[in-house]
Number of protein chains: 2
Amino acid sequence: MTDDNEIEKCEFLYVHEDAVREVLTKMPKEDMLYDLAELFKVFGDSTRIRILYALFERELCVCDIAGILGLTQTAVSHQLRVLKANKLVKARRDGKVVFYSLDDDHVHSILGIGIQHLSEGSGK
Amino acid sequence: MTDDNEIEKCEFLYVHEDAVREVLTKMPKEDMLYDLAELFKVFGDSTRIRILYALFERELCVCDIAGILGLTQTAVSHQLRVLKANKLVKARRDGKVVFYSLDDDHVHSILGIGIQHLSEGSGK
DNA sequence: CTTTCATATGATTATTTGTTCATATGTTAT
DNA sequence: ATAACATATGAACAAATAATCATATGAAAG
């Protein structure tokens with residue numbers, strides 16, 4: 001049916017043995033795939049996405065972000081910590097106030113492609 | 001200190017009032033930001049990332065993916081359902097076997113930019 | 001039609017994760 | 001030093017989610 005190389009049954013291993021072998025040799029390192037997932041996990045929360053978009057316009061302090069998004073200062077601070085740890089935003093202190101801004105060109109790119117995907121998906 | 005427009009205190013609202021107003025007018029729709037987060041959430045799991053990378057090479061059936069990644073058939077099937085619901089993979093049935101393949105150019109783009117970010121981050 | 005095999009689905013469970021509350025740190029002004 | 005304010009941090013709680021187990025569906029072969 002398919003055509004060439006079915007081998008044994010699926011007893012959890014190898015329906016198409018050479019396909020499996022080929023893919024196995026070309027898979028990236030586990031560490032990298034794990035880190036990649038961790039990075040996207042950061043984008044996978046609407047609060048963080050909204051913070052990033054707010055920072056698209058200009059740098060903002062924690063309190064302003066909280067005001068814009070209708071969140072508590074604490075919640076924003078926690079999420080900014082995550083974003084900062086992943087080098088997506090950077091902080092600048094001016095007296096008592098800490099200003100946050102985007103710290104990565106990739107933020108734009110990633111969000112942009114995500115939007116493209118969404119818009120095309122709805123058009124199908 | 002800062003320079004122009006501090007207004008009142010942060011009582012949860014508006015340290016820099018015009019900054020807040022400006023950003024508020026330019027924020028995208030809530031729905032879109034939510035959908036965007038949902039999309040990235042799909043990429044935010046190492047199992048799904050690994051499945052996507054396996055499919056980079058060629059289409060694969062559920063059992064092969066399970067074999068390649070050392071997962072149960074059930075776990076893979078559940079994740080494929082998520083990926084399919086988000087139009088990142090598509091399915092093709094051939095008899096008893098269902099072959100999955102990537103269903104979006106954006107998958108390449110998004111993962112590519114993610115990798116760029118990671119590699120630059122470690123070089124800092 | 002019954003069996004076999006590949007895949008899918010539902011329920012349960014364990015873990016992760018975002019928010020809240022309370023409190024701590026750090027900076028400026030009095 | 002003390003007070004006031006912006007921000008950060010830790011613990012506790014609630015919600016989301018990925019894996020597992022049991023079972024169901026769907027297709028081909030006998």
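Chain identifiers are assigned alphabetically (A, B, ...) following the order of the sequence lines, protein sequences preceding nucleic acid strands; residue numbering begins at 1 within each chain. Because the structure is a prediction, the values reported are computed rather than measured.
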To the nearest angstrom, how far is [X] atom [atom1] from [N] atom [atom2]?
{"X": "Gln73(B)", "N": "dC21(D)", "atom1": "CD", "atom2": "C1'", "result": "12 Å"}
{"X": "Asp64(A)", "N": "dA6(D)", "atom1": "CG", "atom2": "C1'", "result": "11 Å"}
{"X": "Arg93(A)", "N": "dT25(C)", "atom1": "CZ", "atom2": "P", "result": "14 Å"}
{"X": "Phe99(A)", "N": "dT7(D)", "atom1": "CZ", "atom2": "C1'", "result": "13 Å"}
{"X": "Lys84(B)", "N": "dA8(C)", "atom1": "NZ", "atom2": "C1'", "result": "10 Å"}
{"X": "Lys96(A)", "N": "dA3(D)", "atom1": "NZ", "atom2": "P", "result": "15 Å"}
{"X": "Arg81(B)", "N": "dA24(D)", "atom1": "CZ", "atom2": "C1'", "result": "14 Å"}
{"X": "Glu38(A)", "N": "dA18(D)", "atom1": "CD", "atom2": "P", "result": "12 Å"}

Would you say [X]'s side chain and [Y]'s backbone share a donor-acceptor pair under 3.5 angstrom?
{"X": "Arg93(A)", "Y": "Gly95(A)", "answer": "yes"}
{"X": "His117(B)", "Y": "Asn86(A)", "answer": "yes"}
{"X": "Asp45(B)", "Y": "Lys41(B)", "answer": "no"}

Where the side chain of [X] is defined as all heavy atoms beyond and including C-beta, which of [options] is the nearest nucleotide?
{"X": "Ala75(B)", "options": "dT20(C), dT20(D), dA8(C)", "value": "dT20(D)"}
{"X": "Val97(B)", "options": "dA27(D), dT27(C), dT7(C)", "value": "dT7(C)"}
{"X": "Val62(B)", "options": "dT7(C), dA8(D), dT9(C)", "value": "dT7(C)"}
{"X": "Val98(A)", "options": "dT27(C), dC5(C), dA8(D)", "value": "dA8(D)"}

Given [N], is OP1 or OP2 found less than 4.0 Å from the side-chain N or O atoms of [X]?
{"X": "Lys41(A)", "N": "dT17(C)", "result": "yes"}
{"X": "Arg48(B)", "N": "dA18(D)", "result": "yes"}
{"X": "Thr72(A)", "N": "dT20(C)", "result": "yes"}
{"X": "Tyr100(B)", "N": "dA6(C)", "result": "no"}
{"X": "Thr74(B)", "N": "dA19(D)", "result": "no"}

query: Does Gln79(B) make a side-chain donor-acceptor contact with the base of dA18(D), cut-off 3.5 Å?
result: no
task: Assess whether one donor atom and one acceptor atom, taken from the side chain of His78(A) and the base of dT17(C), lie less than 3.5 Å apart.
output: no
- request: Measure the acute angle between the ring planes of Phe40(A) and Phe43(A), then classify it against the limits of 30° and 60° as parallel, tilted or perpendicular.
  value: tilted
query: Thr47(B) and Leu69(B): which non-hydrogen atoms are nearest, and at how many Å?
result: O-CD1, 4.4 Å
